[in-house]
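Because the structure is a prediction, the values reported are computed rather than measured. Just so it is clear: chains get the letters A, B, ... in the order the sequence lines come, proteins before strands, and each one is counted from 1.
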2 protein chains.
Amino acid sequence: MVSDHRTKTAAPAHSVAAVVLAVREAQLQVLLWERALDPFAGAWSLPDGSLAPGETLEQSIRRHLATKVDVRELSHIEQLETLSEPARNPLRWELVTAYLGLVPADVDPALPADTRWQPVDALPALAFDHAAIVLAARERLRAKLSYTNIGFALAPSAFSISELRGLYRAALGHDVSATNLQRVLLRRHLLLPTGHRRGPGPSGGRPAALFRFATPRLEVTDPFAVLRPPSS
Amino acid sequence: MVSDHRTKTAAPAHSVAAVVLAVREAQLQVLLWERALDPFAGAWSLPDGSLAPGETLEQSIRRHLATKVDVRELSHIEQLETLSEPARNPLRWELVTAYLGLVPADVDPALPADTRWQPVDALPALAFDHAAIVLAARERLRAKLSYTNIGFALAPSAFSISELRGLYRAALGHDVSATNLQRVLLRRHLLLPTGHRRGPGPSGGRPAALFRFATPRLEVTDPFAVLRPPSS
DNA sequence: GCAAAAGTGTTGTGTCTACACCCATGT
DNA sequence: ACATGGGTGTAGACACAACACTTTTGC
């Protein structure tokens, strides 16, 4: 079957789409794009595009993000899933491979006019199956915040604990104790003190120590291994 | 771009492949297939096939498994990832979406002559990028054994704790304490006593109580939420 | 009684939450 | 001095591993 030539002519189109998330104004936001062409002309959708010969899926989504919405400063990218419902695109048979991309809170890429950040909690109707993809991306991010160092991808290069707390709160959707956040992340050696301090605000207050993430690459830090190997 | 008709003619072929795992003879084994046709004729590979019009990826891999290796008793199936390296297939541009499938230890599907179970720890050279897919599947299974009820998909409908221990040991690759396995799974209400007992072996011994998994569907049982919402 | 296999009791350790308290700065 | 925001100390709850011990069977 791999060499069945009839299937070659019946191959589906393949597109890539990205859920680009960032915390902006204390909210988890996603980068959306207003479609100019059918299907779903005028509707909001995820940034997407077609896979070109000679490139991998990840190269493809990076290319589309760079050329169409000028987003190059992704601190992290990972594949989410491939959707294949035959009717997902009303015009043709098309699969899509979805990616999760993260942008640090301190970068603000210049966006084209048809592109906008939207809070994930208040999404407009989205084209295709993109609403489900956004929710899957948010779940993936939330889970990984608990057992990996993925916070590095949301945070600026240096930050105070309370700033980091704001990022976690926005991404997780619930409050986080600054006390325990600091201790959990320090215990796991995810955070390093930079030695610098943030100046206090206009109304005073103790200056906050600044931290940075120890590693700018995704690592599993809590091997959630209830069933871990015996110590002997 | 979605409506760019040039890309339609340049679409890649799309195949599906499955890592079907089961614990057999105290080892984690994978279902392999000896390829009859090029590319990689004569080499071992994962069971695979082409996506047909009108079907989803999951329907497709279920169809190929049912028709080609006669495996219908999958207790669980989930998508792993989609691989897209342009040179992964030497004959043509082809993506593959990989699935993880699990078969309970007490079912033994009749297999065609070109199909065989092989221990994951002693794999022959595999076609394409299939070796990497098998390792990804094993990692996914191992992780999910710790924080979900996925054990239900490896286990028969009723089992003693020591039988279950054997399954976990084979899948995880290290020893597991029967004492603690029982307590962890009971504490999380994954396991229910059936009220029946297994007769003792020829050399005596206390008869083992039989258990079953409470739910035959994947559930996250340990929300590994170090950063969980405050109780108030 | 003795060996074999299953299951329970118990102790110790580590990680987390919650909350009280202390520290450093501006006005 | 006092308000404001940052950081630490500590106690309690919980989950887990390890291991000793008890129970139930065959011989």
Below 4.5 Å, heavy atoms only, C-beta onward: do A:L192 and A:F211 meet side chain to side chain?
->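 Result no, sub-4.5 Å side-chain heavy-atom pair not found.
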Are A:L74 and A:L102 side-chain neighbours, meaning at least one heavy-atom pair lies under 4.5 Å?
->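 Heavy-atom side-chain distance check fails, nothing below 4.5 Å.
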Which part of the nucleic acid, if any, lies within contact of A:A178, taking any heavy atom under 4.0 Å across all strands shown: a base, the sugar-phosphate backbone alone, or nothing?
->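 Answer is nothing: A:A178 stays at 4.0 Å or more from every strand.
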For [X] and [Y], which I'm curious about, is there any donor-acceptor pair between the side chains at under 3.5 Å?
| X | Y | answer |
| --- | --- | --- |
| B:E55 | B:S60 | yes |
| B:T97 | B:T82 | yes |
| A:S84 | B:T56 | no |

Give the rounded distance in Å between these two atoms: [atom1] of [X] and [atom2] of [N].
| X | N | atom1 | atom2 | value |
| --- | --- | --- | --- | --- |
| B:N180 | D:dA20 | CG | P | 14 Å |
| A:R198 | C:dG26 | CZ | P | 15 Å |
| A:L181 | D:dG7 | CG | P | 12 Å |
| A:F159 | D:dG7 | CZ | P | 12 Å |
| B:D175 | D:dA17 | CG | C1' | 13 Å |
| A:R165 | D:dG5 | CZ | P | 12 Å |
| A:L164 | D:dG5 | CG | P | 19 Å |
| A:I161 | C:dC23 | CD1 | C1' | 16 Å |

Close N/O contacts between protein and nucleotides 10-12 of chain C (under 3.5 Å):
{"unit_1": "C:dT10", "atom_1": "O4", "unit_2": "B:R183", "atom_2": "NH2", "d": "3.2"}

Counting side-chain heavy atoms from C-beta on, which of C:dG7, C:dC16, C:dA18 comes nearest to A:T179?
->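 Per side-chain heavy atoms of A:T179, the pick is C:dA18.
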Parallel, tilted or perpendicular: rings of B:F213 and B:F152 (30°, 60°) =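 Judged by the thresholds at 30° and 60°, the geometry between B:F152 and B:F213 is perpendicular.
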Kindly assign one of parallel, tilted or perpendicular to the pair B:H14 and A:H14, based on the angle between their ring planes and the thresholds 30° and 60°.
->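 Ring orientation of B:H14 relative to A:H14: parallel.
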Side-chain donor-acceptor pairs under 3.5 Å in residues 193-203 of chain A, sequence neighbours left out?
{"unit_1": "A:T194", "atom_1": "OG1", "unit_2": "A:H196", "atom_2": "N", "d": "3.2"}
{"unit_1": "A:T194", "atom_1": "OG1", "unit_2": "A:L210", "atom_2": "O", "d": "3.0"}
{"unit_1": "A:R197", "atom_1": "NH1", "unit_2": "A:P207", "atom_2": "O", "d": "3.3"}
{"unit_1": "A:R198", "atom_1": "NE", "unit_2": "A:E163", "atom_2": "OE2", "d": "3.1"}
{"unit_1": "A:R198", "atom_1": "NH2", "unit_2": "A:E163", "atom_2": "OE1", "d": "2.9"}
{"unit_1": "A:R198", "atom_1": "NH2", "unit_2": "A:E163", "atom_2": "OE2", "d": "2.9"}

Encode nucleotides 22-27 of chain D as B, S and - characters from 5' to 3', where the letter depends on protein heavy atoms closer than 4.0 Å: B to the base, S only to sugar-phosphate, - to neither.
-> -BBBSS
Would B:D48 and B:K68 pass as an ion pair if we require N to O under 4.0 Å?
->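 Salt bridge flag = no for B:K68 with B:D48.
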Give a yes/no on whether any side-chain N or O of B:Q182 is located under 4.0 angstrom from OP1 or OP2 of C:dA6.
->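 So the side chain of B:Q182 is outside the cut-off, no N or O lying under 4.0 Å from OP1 or OP2 of C:dA6.
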